[in-house]
2 protein chains.
Amino acid sequence: MEEQKRTEIGSLGEFGLIDRLNKNIEIKNPSTFKGIGDDAAVIESGDHVKVVSTDLLLEGVHFDLSYAPLQHVGFKAVAVNVSDVAAMNAVPKQITVSIALSNRFSVEAVEALYAGINAAAAHYGVDVVGGDTTASRSGLVIGITAIGEGKKETLSYRSGAKVNDIICVTGDLGGALVGLQILEREKQVFMADPNMKPALDGYSYVTGRQLKPDARMDIIHELKELGVVPTSMIDISDGLASELFHISKASDVGVTIYEDKLPIDKQTFDTAVELNMDPITCVLNGGEDYELLFTIDQKDFEKLEKHADVHFIGHVAKPEEGKHLVTKSGTAVTLKAQGWKHF
Amino acid sequence: MEEQKRTEIGSLGEFGLIDRLNKNIEIKNPSTFKGIGDDAAVIESGDHVKVVSTDLLLEGVHFDLSYAPLQHVGFKAVAVNVSDVAAMNAVPKQITVSIALSNRFSVEAVEALYAGINAAAAHYGVDVVGGDTTASRSGLVIGITAIGEGKKETLSYRSGAKVNDIICVTGDLGGALVGLQILEREKQVFMADPNMKPALDGYSYVTGRQLKPDARMDIIHELKELGVVPTSMIDISDGLASELFHISKASDVGVTIYEDKLPIDKQTFDTAVELNMDPITCVLNGGEDYELLFTIDQKDFEKLEKHADVHFIGHVAKPEEGKHLVTKSGTAVTLKAQGWKHF
């Protein structure tokens, strides 16, 4: 018998695997305006377009119920999909919710999960329109699909960044990663001695960033009011560096960002130092902040200049200039995107 | 500390749980035309509507890789969602695919799964427009969302059946359940003695029904050509009796079906007898056939009368007449819907 070839998924990495799986996909329907390759797909829909995004969250991989309350898990599952729709410069309108759960979960537990889902639906103004409830042999699995609306002319893709555009980021970065480290540390302490109370005082901002992130729909609405359409946009789920790589690749441009412009919260900074982590590495490679990374034309700078929560971290460069971080001392270092950690 | 209430999910059953979770859901967006409660949600989209259906399939619950080839699993995952869209009398156009898998799977295994997904996408004329690839700690999880198009005037809901409508079913029923029993039997034989070859000769129809079901999009296209809009429709995923209960409840009607009209394939019948199963019980309660159950106005009977693959199994009755099966001997027995087995 011929020996079957076995290639480990880890040898390709997340993006290599995705590229390999998607190479055979052809688009056949005229209503498919944009398929795989951005934060969401785009489907023709009369005078507007629908954008569709989907995510799967698994217990033990994406959340740990030993410290994440089910309400927060439900809220976050919705928020991460809303964030994908936001990153298209579109407005989420509907979600479907599929859950798989074992008999380890009581009806009350499922209701707590749904309380979080419904709270997020209310917060973002989306309707829960369907789903599927099924059994799992072990952990909880949550699949959410979000459907949003936008106008074809004002959607933002990863591919629209132009040389000299200004690179913007919302909020602050690195908090979700630092929060995760704190939660993991306290979990280990608790597992070693169940009588120990977790010491979470003073870490509420970073743990909140991890447990209950908020998708930046506020920014999408403000951009609209200000008349700014980002030339490119992506949400920060894997980390700033990784998302910059996506924009750079899709837009065929280089990027230059400045260390002293990167937004970091004081508690994130202090906690990173306490944990012997480099705060700038947390900002560059910490995922799950669900902030928005976008580029704007220079002509739009004035409109956003005074915005308290939008930070101008660099500019788009020519492709041959590559991707750089300029440190506080003025040295340009090559940016590296961290890969996927799950496999 | 107050003791927390714990209600077992099994005590509510699938439909009880779903009812309880959905009671707090309100619709806020005008574009949400129909939310939870049918095979798919319906969303306004210019001059037509989009229908959206989603399903989660888990290894060990919905498929067993010890006998289901990954290509077939991929094909079936798409087919079951296409079937939900078909059951709305709509045409699927796009799907998103989310998968979670552990490092037990090689790249070649994932490619086999995608080969099945892509084959189904080609078969049904849908575009794979997005998705999510993530890690799992144990088994394979597949989440598919299908988006279809229809016209508001010609969608079929579970709720439209009227007294005296004719109840129709496509294809034949019970095969997928009987096929599953054969596959499970041969798996046990193989596990007891790995040198034994599985004895699947002579069971190819029923095992095919289980492993690679085909959604009845052909019927949807034919109904359109014939100018027939079913007054109600649902796909048969849980079993004929269970689906009749859904239509009965949603339409507030009774149903009468006739044992001698129920379609069963000869191999399904013979194999059921061999396995000491009652063939009619297999037809009534066997799930996963993914045939269509629908009702038509009597005026449309002529148009479908000669259709080789549409069977007229009974009629819609007044709600107070209840739900009955008339046996070959002429006795009317009350129909029972089997619950959900997974929990």
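Order of the sequence lines fixes the chain letters, A, B, ..., with proteins taken first and strands second; residue numbering starts at 1 for each chain. On a predicted model such as this, the values are computed, not experimentally measured, just so you know. Reckoned from all heavy atoms, side chains included, excluding hydrogens, waters and symmetry mates.
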Members of residues 87-97 of chain A whose heavy atoms come closer than 4.5 Å to chain B: A:Lys93, A:Gln94, A:Thr96

Side chain to side chain, A:Leu113 and B:Leu21, heavy atoms closer than 4.5 Å: no

From B:Leu17 atom CG to A:Ile99 atom CD1, the distance as rounded to the nearest 0.5 Å: 6.5 Å

B:Ile117, part contacting chain A, at a heavy-atom distance under 4.5 Å: neither

Top contributor to chain B interface from A:Ser11, A:Gly37, A:Ala115, A:Ser45 [non-hydrogen pairs under 4.5 Å]: A:Ser45

A:Val107 side chain near B:Leu12 side chain, heavy-atom distance below 4.5 Å: yes

CA sep, side-chain torsions, deciding dist, call: B:Val52, A:Val129, side chain to side chain contact (heavy atoms under 4.5 Å, CB included): CA-CA 9 Å; B:Val52 183; A:Val129 296; 5.6 Å; no

Per-residue contact mode, B:Glu44 against chain A (heavy atom under 4.5 angstrom): backbone

Option that, when pairs with chain A are counted at under 4.5 Å, heavy atom only, ranks first among B:Val49, B:Val128, B:Asp132, B:Val126: B:Asp132

Max heavy-atom pair count under 4.5 Å with chain A, selected residue of B:Ala122, B:Gly60, B:Ala121: B:Gly60

Matching residue for A:Asp127 among B:Ile36, B:Asn29, B:Ile43 - test: side-chain contact (heavy atoms from CB on, under 4.5 Å): B:Asn29

Segment of A:Val110 engaging chain B (4.5 angstrom heavy-atom cut-off): both

CA sep, side-chain torsions, deciding dist, call: A:Thr54, B:Thr54, side chain to side chain contact (heavy atoms under 4.5 Å, CB included): CA-CA 10 Å; A:Thr54 191; B:Thr54 192; over 6 Å; no

B:Arg137 atom CZ, neighbour heavy-atom count above 12 within 6.0 Å: no

Nearest non-hydrogen partners of B:Leu56 and A:Thr134, listed with the distance: O-CG2, 4.2 Å

Contact class of A:Ile147 relative to chain B, heavy atoms under 4.5 angstrom: side chain

Best-contacting candidate, A:His48, A:Glu26, A:Lys50, A:Glu8, against chain B by heavy atom pairs under 4.5 angstrom: A:Lys50

Contact origin within A:Asp55 toward chain B - heavy atom pairs under 4.5 Å: both

Minimum heavy-atom distance A:Arg20-B:Glu111, with the two atoms named: NE-OE2, 2.6 Å

B:Val42, part contacting chain A, at a heavy-atom distance under 4.5 Å: neither

Residue selection (most heavy-atom pairs with chain B, distance under 4.5 Å) from A:Ser31, A:Ala100, A:Ala41: A:Ser31

Heavy atoms from other residues, nucleotides or ligands near NZ of A:Lys187 exceed 12 (cutoff 6.0 Å): yes

Partner chain A: residue of B:Gly125, B:Gly139, B:Gly16 with the largest heavy-atom pair count (under 4.5 Å): B:Gly125

Non-hydrogen atoms of B:Ser136 and A:Leu58 that approach each other most closely: CB-CD2, 3.7 Å

Atom of A:Arg6, atom of B:Ser106 and distance for their closest heavy-atom approach: CG-CB, 3.5 Å

Atom pair OG/CD1 of B:Ser98 and A:Ile144 - distance to nearest 0.5 Å: 11.0 Å

